Amino acid sequence: MSMDPQELLSLCKRRGFLWPAYDIYGGLAGLYDYGPLGAALKKNIEEHWRALYVLGEGFHEISCPIVAPEAVFKASGHTDAFSDMYVECTKCGETFRADHLVTGLHEAPASLDEKQLGRLLKENKVKCPSCGGELTDPKRFNLMFRTSVGAGKGKVAYLRPETAQGMFVNFSQVYRFGREKLPVGAVQIGRAFRNEISPRQGLIRLREFSQMEAELFLHPDHKSWPRYKDVKGQVLELVPNKGKPVKMTLEDAVKAKTIANEALAYFIWLTYKFAIDVGLDASKLRFRQHLEKEMAHYAADCWDLEADIGYGWTELVGIADRGSYDVQAHISHSGADLTAFERFDEPKEVEQQVVRPNFGALGPLFKGKAKQVADGLSKLHVGSVAGKDGVTVEVDGEMCSVPSSCYEVVLKKEKVSGRKLVPHVIEPSYGVDRILFSVLDHAYTQKDDYVTLRLKGLVAPIKAGVFPLMARDGLDEIAGAICNELTKAGLAAYYDDSGSIGRRYARMDEIGTPCCITVDYESKKDGKVTIRERDTAKQLRVEIAKVPRAVETLLSGGGLEPVSALR
RNA sequence: GCGGCUGUAGUCUAGCGGUUAGGACUGAAGCUUCCCAAGCUUCAAGCCCGGGUUCGAAUCCCGGCAGCCGCACCA
């Protein structure tokens, strides 16, 4: 536990990072507005993520709709949550699947709605299996927001509960765009929605939130990434689901099977780099492997980046090897061919024995059904035909006896130049709002009553404060001009001439502005201004013309030393 | 969703059936050659919403909403 989250939330509200949404109407739990500083911070975090994944790793960024038809979530398994109805014991509080309690009392419990289930439970006087207490009426958990598209009854649709599905369903497009090579990656930054039962803890559990997700599609036998070799010697602290926390290199972790494969290891590393870059405190971060029971049944491996913040250890990022589950699910449900083609080094001649129907004999015998019988014959294994006088083939539920004169077993030669394969997926999934809140939490420092947000230059919403020591005698004009120059250089600057100079510094410190520029009476004589570094309160005189470069230098880290070396 | 606690300016808070609802910080305007929330003057801003009890409610009761803490949930 690092600090009281309420204090941080107060600051956020006071200074324009965050506001409870729709506050004048009493608000709505689980929704927050980002104020100007919060929106800027969020943008900076997202921008850096984009720089790493899109520019750095060559992932393809796409942007899919938030509303999606029901079929998508039937395939993904998300609608399964709707069929789960729960009852709670009024005495001991334990919860049970309602359909499980009526097994044996009804032929198809899963088909019942909550009223029918409730009646069935009452009629049969079903009590709590563990303590015998009274049960509540069945309730369904509905974690997706449901809506309908179009007029009248419309078509059932949902707000996406994650951005990932948009990338899975677009695999073929992304694959083709990437010139039909594996691995290929897609990313998406966007909003997702979950109708949480009880959202709490500020930005940690929202009903509408932002995700940055990447889907890396890989060859199932080659789960690596080109840059793995550059980072494999890096050491990370890992909390595996078996044994004690360990400090080891990525290479050792993969060799020891602590991390399932090289690609997963690489993106764990990239996640760590991202976290440090945006200013999270390394001593308050850990990678925790999902427990066996926590992991989805199809997942080969899954690691969470957790941060220690005021609420305790909190999941910020999940990095999972999802195998072929998602893509395969969409293949099965949609019938689309979401496969990659693996070309063999040399085309192979494949010889195969197949059953070939003899239409000359089938036609007169089966007339209109001949085609269907032939199809059935083609599907038979050679082994089930060999040495028999005839076989039976099912046509429209009817068994037809087919004499051996109607088919023959032949050797078929085929040239095969490759094979289709369903890609495996490694999914790094980042919760933007949680990351943003953790960045603030880790940046928050307090000395007596003086609060400083030690935000890194990369993410700070405002890069520099610019003040005239006095708002007169032309100092204000010089300061205004400097402010303009900074803005022109793409650096968000904030002009302030109200109150004492100390108060103005304090204002900037509290919102994490990395440096301040002060114009004083000397400036008019020597053309220099004071640049002050937030975290040390140290100052340096620099020429006005060099201010934008000085600020840039300071933002890139390393303090005032490199600034004084500027020429 | 259940149970407990809570709700007063932007923030923190005083109030305990009758107050012009008080303060601190912040904010705004101004004075002050002002480099670390200095000082002074002036100003702005509040009882979560809706019912009820009462001559009278920020205060008591009920409902809603929101927040916190536990339980459950977190696909």
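All values reported here derive from a predicted model rather than from experimental measurement. Order of the sequence lines fixes the chain letters, A, B, ..., with proteins taken first and strands second; residue numbering starts at 1 for each chain.
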Checklist entry - Would you say the base of B:C35 and the side-chain of A:R504 have a donor-acceptor pair closer than 3.5 Å? => result no
Checklist entry - Rounded to whole angstrom units, what separation is found between the CD atom of A:E522 and the C1' atom of B:C35? => result 13 Å
Item to check | Integer angstrom distance from the P of B:U53 to that of B:G70 | outcome: 39 Å
Checklist entry - With rounding to whole Å, what would you report as the distance between B:G64 and B:G4 at their P atoms? => result 13 Å
Checklist outcome for this item: Heavy-atom contacts, protein to nucleotides 25-32 of chain B, under 4.0 Å, summarised as B (base), S (sugar-phosphate only) or - (none) per nt, yield -SSS---S
Item to check | Check: A:T530 side chain, B:C35 base, donor-acceptor under 3.5 Å | outcome: yes
Checklist entry - Paired with B:A58 by Watson-Crick or G-U wobble geometry, both distances under 3.5 Å: which nucleotide is it? => result none
Item to check | Audit row: A:K43, A:E46, salt bridge (Lys or Arg N to Asp or Glu O under 4.0 Å) steps and yes/no | outcome: CA-CA 5 Å; A:K43 187 201 78 190; A:E46 290 173 348; over 6 Å; no
Next on the checklist: Whole angstroms only, please: what is the CG-C1' distance between A:L291 and B:C74?
Outcome noted: 15 Å
Checklist entry - Given that both distances must come in under 3.5 Å, which nucleotide forms a Watson-Crick or G-U wobble pair with B:A14? => result none
Next on the checklist: Strictly below 4.0 Å: does A:S10 bring a side-chain N or O up to OP1 or OP2 of B:G10?
Outcome noted: no
Item to check | ring-ring contact (aromatic ring centres under 6.0 Å, His included) pairs, two or more places apart, involving residues 462-487 of chain A | outcome: A:F467-A:Y505
Checklist entry - In the structure shown, which nucleotide is the Watson-Crick or G-U wobble counterpart of B:C34, with both distances under 3.5 Å? => result none
Checklist entry - Once you round it to whole Å, what is the distance between P of B:C35 and CD1 of A:I517? => result 17 Å
Item to check | Sequence neighbours excluded, every pair satisfying salt bridge (charged side-chain N to carboxylate O under 4.0 Å, His left out) that has a member inside residues 515-524 of chain A | outcome: A:D520-A:R541, A:E522-A:K525
Checklist entry - B:C35 base stacked by A:Y505? Criteria: ring centres under 5.5 Å, plane angle under 30°. => result no
Checklist entry - Is there a Watson-Crick or G-U wobble partner for B:A28 with both distances under 3.5 Å, and if so, which one is it? => result B:U42
Checklist entry - Is A:D23 touching bases, backbone alone, or none of the nucleic acid, heavy atoms closer than 4.0 Å? => result nothing
Checklist entry - When the aromatic ring centroids of A:F17 and A:Y34 are compared, is their separation below 6.0 Å? => result no
Checklist entry - For B:G10, does either OP1 or OP2 sit under 4.0 Å from a side-chain N or O belonging to A:K13? => result no
Next on the checklist: What contact category does A:P161 fall into here, base, sugar-phosphate, or nothing, at under 4.0 angstrom with non-hydrogen atoms?
Outcome noted: base
Checklist entry - Would you call the rings of A:F168 and A:H330 parallel, tilted or perpendicular if under 30° counts as parallel and over 60° as perpendicular? => result tilted
Next on the checklist: Does anything in residues 18-27 of chain A form a salt bridge (charged side-chain N to carboxylate O under 4.0 Å, His left out)? List the pairs, not counting sequence neighbours.
Outcome noted: none
Item to check | C1' spacing across the pair B:G52 / B:A37, given as an integer number of angstrom | outcome: 47 Å
Item to check | Verdict with reasoning, A:D535 to A:K456, per salt bridge (Lys or Arg N to Asp or Glu O under 4.0 Å) | outcome: CA-CA 10 Å; A:D535 296 341; A:K456 280 216 183 171; over 6 Å; no
Item to check | A:W49 and A:Y430: CA distance, side-chain angles, deciding distance, ring pair (Phe, Tyr, Trp, His ring centres under 6.0 Å) verdict | outcome: CA-CA 10 Å; A:W49 191 85; A:Y430 294 60; 5.6 Å; yes
Next on the checklist: For A:E196, is there an ion pair with A:R207 - N to carboxylate O distance below 4.0 angstrom?
Outcome noted: no
Checklist entry - Can you tell me how far C1' of B:G46 sits from CD1 of A:I24, to the nearest Å? => result 16 Å
Next on the checklist: Would A:R288 pass as a cation-pi partner of A:W313, given that its NZ or CZ must be under 6.0 Å from the six-membered ring centre and within 45 degrees of the axis?
Outcome noted: no
Checklist outcome for this item: Under a 3.5 Å limit on both distances, the Watson-Crick or wobble mate of B:G63 is B:C49
Item to check | Distance, P atom - from B:C60 to B:G7, rounded to whole angstrom | outcome: 9 Å
Checklist outcome for this item: A:T553 and A:S556 have their tightest heavy-atom pair at O-OG, 2.7 Å
Checklist entry - Quick one: A:D509 CG to B:C36 C1', roughly how many Å, whole number? => result 8 Å
Item to check | Rounded distance in Å - CD (A:E510) to P (B:G10) | outcome: 17 Å
Checklist entry - Closest to the A:I197 side chain: B:C35, B:C73, B:C69? => result B:C73
Checklist entry - Less than 3.5 Å between a donor and an acceptor, one on the side chain of A:Q539 and one on the base of B:C35, is that the case here? => result yes
Next on the checklist: Is the distance from the ring center of A:Y311 to that of A:F437 below 6.0 Å?
Outcome noted: yes
Item to check | Watson-Crick or G-U wobble mate for B:G70, both contacts under 3.5 Å | outcome: B:C2
Next on the checklist: Between A:E70 and A:K155, does any side-chain N to carboxylate O distance fall below 4.0 Å?
Outcome noted: no
Atom pairs, N/O to N/O, protein against nucleotides 50-52 of chain B, distance under 3.5 Å?
none

Checklist outcome for this item: Rounded to whole Å, the CG-C1' distance (A:D476 to B:C34) equals 14 Å
Checklist outcome for this item: Only residue of A:R534, A:R14, A:R454, A:R504 satisfying salt bridge (Lys or Arg N to Asp or Glu O under 4.0 Å) with A:E510 is A:R14
Checklist entry - Start at the 5' end of RNA chain B and walk down; is the nucleotide closest to A:S500 or to A:F193 reached first? => result A:S500
Checklist entry - Rounded to whole angstrom units, what separation is found between the CD atom of A:E196 and the C1' atom of B:A72? => result 13 Å
Item to check | Integer angstrom distance from the P of B:G10 to that of B:U6 | outcome: 23 Å
Item to check | Separation between the C1' atoms of B:G67 and B:G18, rounded to whole Å | outcome: 31 Å
Item to check | Base versus backbone protein contacts along nucleotides 61-67 of chain B [heavy-atom cut-off under 4.0 Å; B, S, -] | outcome: ----SSS
